[in-house]
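Right, one structure below, let's go through it.
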Amino acid sequence: MKNSQRSPAPTPVASAEQLLRRLEWTVLRRLDGLLQGDYRTLLRGTGMDLADLREYQHHDDVRHIDWNVTARLEQPHVRVFTEDREMSAWFLLDLSPSMDFGSSEQRKRNVSAEFVAVLARMLTRHGNRVGAMLYGSGVDAVIPARGGRHHVLHLLHTLQDRPEAIHLGPTRLHELLESAANLVRRRSTVFVVSDFISEPGWEKPLGQLARHHEVVAVRLLDPLELDLPDLGLIPIRDVETGEQLLVDTHDAGFRKRFARIAAQREAELRQSLARAGVDALELSTDDNLVDAIMRFTELRKRRSRTSGANAAGGKLPAHLKHAA
């Protein structure tokens, strides 16, 4: 079962300006302090120019070791690059009916909007551009990549002004990914923001997109989709298909079967994302956005060190192995 009965009526939505100002004060300020200006683990430029060589230091990226110079000088040296900081980021936003679900005050769609606002503002503050593709029953809106705070406000206003999705059949996430492959030509960072409740067939286009761009899967979920509490007899409706069932959640056997099926789907989804070669950020409706982004930052750091060790073919000097 995909989603339970419709969420409680949402509280009034703040204007785009109010929402962005709140996020700038409560989320971005905290991230600035925690990341201390180091956004490289989240966002990378599109080009690198070799600027200098210097001796290896602890926590340097081992992929930047110049092995020829290291062998000649018998001292590890790394290449120092000047990074092309200008980049474009695209948000591929799944706004299908299942994204309107939330078991408490927050819906997946609201969490998606806040995540997009924070990341878009982080990027545009550093002179980068952001664009978006919106999917409802199909790809129905494209916001070209531009920079500046006003552009972020325009993106937020477009999301907030969009009517609630109605039942129009199952989500076909592959249509969004294929459209992005045709539209986004220059290498970019692409955030696929979705709950990945979709018809099969999105895995291959996601992997193809990841060959040409740096792709991050931002997976939205709600705790009730993983584990049903004992609520007695309740109606459950699949918002993607409109199918309704009356289920007895007091039945412990039913709750166990529900949890087992949900866990199996979770495992299969994570395997699909891993096979596609994309990093994944899981974002729950009860998550703290700062904590979630910091978890993702640590994941990126670990991946960077691991891929660096693999690129070196495991031939790191003994005194460098701890750094990988």
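- Ion pairing between Arg172 and Glu178 fails under the 4.0 Å rule for side-chain N and carboxylate O.
- The backbone N or O of Leu123 sits less than 3.5 Å from a side-chain atom of Asn128, completing a donor-acceptor pair.
- Evaluation of the side-chain hydrogen bond (donor to acceptor under 3.5 Å, both in side chains) rule for Arg295 yields Asp287 as partners, not counting sequence neighbours.
- Side-chain atoms of His213 do not come within 3.5 Å of backbone N or O of Ala181 as any donor-acceptor pair.
- Scored by the side-chain hydrogen bond (donor to acceptor under 3.5 Å, both in side chains) test, Asn68 finds no partners at all (sequence neighbours excluded).
- A heavy-atom distance below 4.5 Å is found between the side chains of Leu281 and Phe115.
- Ser198 places no side-chain N or O within donor-acceptor distance of the main-chain N or O of Phe196, the cut-off being under 3.5 Å.
- Take Arg270 and apply the salt bridge (charged side-chain N to carboxylate O under 4.0 Å, His left out) test, not counting sequence neighbours, and it matches Glu266, Glu282.
- Taking the salt bridge (charged side-chain N to carboxylate O under 4.0 Å, His left out) definition, one finds that Asp140 meets it with Arg162, sequence neighbours left out.
- Linking ILVMFWY residues whenever their side-chain heavy atoms come closer than 4.5 Å, directly or via other members, places Leu134 and Met99 in the same cluster.
- Using modelled atom types, no side-chain atom of Asp222 and backbone atom of Thr285 make a donor-acceptor pair closer than 3.5 Å.
- Under the side-chain contact (heavy atoms from CB on, under 4.5 Å) criterion, Pro229 pairs with Leu224, Leu231, not counting sequence neighbours.
- Proximity of a side-chain donor or acceptor of Arg255 to a complementary backbone N or O of Thr249 within less than 3.5 Å is detected.
- The local environment of NE2 in His157 is sparse, with at most 12 non-hydrogen atoms from other residues, nucleotides or ligands closer than 6.0 Å.
- Looking at every heavy atom in both residues, Ser88 comes nearest to Arg186 through OG-NH1, 4.4 Å.
- In this structure, Leu34 is a member of the same hydrophobic cluster as Leu119, with clusters built from ILVMFWY side-chain heavy atoms closer than 4.5 Å.
- With sequence neighbours excluded, the residues satisfying side-chain contact (heavy atoms from CB on, under 4.5 Å) with Glu203 are Ser272.
- Of the possible donor and acceptor atoms, none in the side chain of Glu175 sits under 3.5 Å from a partner among the backbone N and O of Gly138.
- Partners of Arg21 under the salt bridge (charged side-chain N to carboxylate O under 4.0 Å, His left out) rule, at least two apart in sequence or in another chain, are Glu17.
- Remark: Ser179 pairs with no residue by the side-chain hydrogen bond (donor to acceptor under 3.5 Å, both in side chains) rule, at least two apart or across chains.
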Glu55 and His77: side chain to side chain contact (heavy atoms under 4.5 Å, CB included), yes or no, with the steps? CA-CA 4 Å; Glu55 288 189 8; His77 277 67; 3.6 Å; yes
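- Leu176 and Leu183 fall within the same hydrophobic cluster, where Ile, Leu, Val, Met, Phe, Trp and Tyr residues are linked whenever their side-chain heavy atoms come under 4.5 Å apart, directly or through other members.
- Smallest separation of non-hydrogen atoms from Pro223 and Ser284: CD-OG, 3.6 Å.
- There is no path of hydrophobic side-chain contacts, each under 4.5 Å, that joins Val216 to Leu221.
- Not counting sequence neighbours, His212 has no partner by the side-chain contact (heavy atoms from CB on, under 4.5 Å) test.
- For Glu24, the salt bridge (charged side-chain N to carboxylate O under 4.0 Å, His left out) criterion is met by Arg121, Arg149, not counting sequence neighbours.
- Under the side-chain hydrogen bond (donor to acceptor under 3.5 Å, both in side chains) criterion, Glu74 pairs with no residue at all, not counting sequence neighbours.
- With hydrophobic clusters built from ILVMFWY side chains whose heavy atoms lie under 4.5 angstrom apart, Leu173 shares a cluster with Val142.
- Between the side chain of Thr70 and the backbone N or O of Asp66, at least one donor-acceptor pair lies under 3.5 Å.
- Contact of the Leu273 side chain with the Leu206 side chain is registered, since non-hydrogen atoms from C-beta on lie closer than 4.5 Å.
- To the nearest 0.5 Å, atom CG of residue Asp161 and atom CG of residue Leu156 are 12.0 Å apart.
- Shown here are the side-chain contact (heavy atoms from CB on, under 4.5 Å) partners of Ala120, two or more places apart in sequence or in another chain: Phe91, Val130, Val152.
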